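Read the structure below first, then the notes.
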Amino acid sequence: MITAERKPIEEIMEYVKPYKKILLLGCNECVTVCYAGGRKEVGILASALSMAFLKQGQKVEIDELTLERQCDPEYVEELARTIEQYEAVCSMACGCGVQTIAGRYKDKPVYPMVNTKFMGASERQGVWAERCQGCGDCVLAFTGGICPVARCSKRIFNGPCGGSSGGKCEINAEVDCAWQLIWDRLKALGRTDLYEKIMPAKDWRAARDGGPRKIVREDLLA
Ligand code: SF4
Ligand code: SF4
């Protein structure tokens, strides 16, 4: 899932201070799971903003709404009848949601309320860790299901580097060396033959580094 964290209230106040009526818009998907921008967080931010405005002696109307998915035009269309009454939309979705709203309602200011972090997985309650960088050409089949792009600090494809020590990465003693994890996993699977194969230089054109990407599924086109 995509992980995010709410922006500091001071930054949010800077964005919204010119407005007297705003829509605080949550999203029911990833940002709900990581407790950054779901219905509950919309309520918490609405209260925090109301108090902050009150302290400044300002009266601002804040409405709350949570869409099923802000990155899906079908749900974003639900705003068509009501969005006109707001001076600005404060989106608590990830950057994809913010841009979908901004793209559909071109004359409406849309502000991000969260910082989108990474594609990750939950390690335990309250802890998420990066697991994929969307490189566009997944190699997990050869690395025991552990990603060398997201989890190796140098994105090495034939690791480990000389900085690996005691199973930890040289950048930080608390960070596991991804290639140690890959080795351990391949050993457990009885597939160390995969480790012995030299992986070819990666073609980064399929990755974000090759420009904005799109998926077009011909079979799903109307
Ligand atoms: S190899 Fe690429 S697609 Fe696969 S998990 Fe890593 S970054 Fe994601
Ligand atoms: S120590 Fe391991 S994780 Fe860190 S950069 Fe080297 S190979 Fe990658």
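Whatever order the structure lists them in is the order used to number ligands and atoms, beginning at 1. All values derive from a computational prediction rather than experimental measurement.
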Protein contact of [atom] - nearest heavy atom, named by residue and atom, plus distance:
{"atom": "atom 2 (Fe) of ligand 2", "result": "C177 SG, 2.4 Å"}
{"atom": "atom 3 (S) of ligand 2", "result": "A178 N, 3.4 Å"}
{"atom": "atom 8 (Fe) of ligand 1", "result": "C132 SG, 2.3 Å"}
{"atom": "atom 7 (S) of ligand 1", "result": "Q133 N, 3.2 Å"}
{"atom": "atom 4 (Fe) of ligand 2", "result": "C169 SG, 2.3 Å"}

In terms of ring plane angle, is the pair Y111 and Y19 parallel, tilted or perpendicular, where the classes change at 30° and 60°?
tilted
Go through ligand 2 atom by atom and flag the ones less than 4.0 Å from a non-hydrogen atom of [X].
{"X": "C152", "result": "3 (S), 5 (S), 7 (S), 8 (Fe)"}
{"X": "C161", "result": "1 (S), 5 (S), 6 (Fe), 7 (S)"}
{"X": "P160", "result": "7 (S)"}
{"X": "S164", "result": "1 (S)"}

Any chance CZ of R213 has more than 12 other-residue heavy atoms, nucleotides or ligands included, within less than 6.0 Å?
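For R213, atom CZ is crowded (more than 12 foreign heavy atoms under 6.0 Å).
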Which of the numbered atoms in ligand 1 are below 4.0 angstrom from a heavy atom of [X]?
{"X": "V139", "result": "1 (S)"}
{"X": "C135", "result": "1 (S), 2 (Fe), 3 (S), 7 (S)"}
{"X": "G134", "result": "7 (S), 8 (Fe)"}
{"X": "L140", "result": "4 (Fe), 5 (S)"}
{"X": "C138", "result": "1 (S), 3 (S), 4 (Fe)"}
{"X": "C147", "result": "1 (S), 5 (S), 6 (Fe), 7 (S)"}

Under 3.5 Å, side chain of T32 to main-chain N/O of C27, donor-acceptor pair present?
yes
Quick check for you: to the nearest 0.5 Å, what is the distance between [X] atom [atom1] and [Y] atom [atom2]?
{"X": "L186", "Y": "I146", "atom1": "CG", "atom2": "CD1", "value": "7.5 Å"}
{"X": "C132", "Y": "L140", "atom1": "SG", "atom2": "CG", "value": "7.5 Å"}
{"X": "L25", "Y": "I101", "atom1": "CG", "atom2": "CD1", "value": "5.0 Å"}

Hydrogens and angles aside, do S91 and Q70 bring a side-chain donor and acceptor to less than 3.5 Å of each other?
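On atom types as modelled, these side chains qualify, holding a pair under 3.5 Å.
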For the pair [X] and [Y], find out whether any cationic side-chain nitrogen is under 4.0 Å from an anionic carboxylate oxygen.
{"X": "E77", "Y": "R104", "value": "yes"}
{"X": "R131", "Y": "E123", "value": "yes"}
{"X": "E14", "Y": "K7", "value": "no"}

Result of checking T66, V31, D63 against V42 for side chain to side chain contact (heavy atoms under 4.5 Å, CB included):
T66
Any heavy atom of G159 closer to ligand 2 than 4.0 angstrom?
no
Given that the side chain starts at C-beta and the backbone is N, CA, C, O, which of these parts of E170 lies under 4.0 Å from ligand 2, counting heavy atoms, or is it both or neither?
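It is the backbone that touches ligand 2; the side chain stays farther off.
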Could you see which bit of V149 sits under 4.0 Å from ligand 1, with heavy atoms only: side chain, backbone, both or neither?
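Side chain only.
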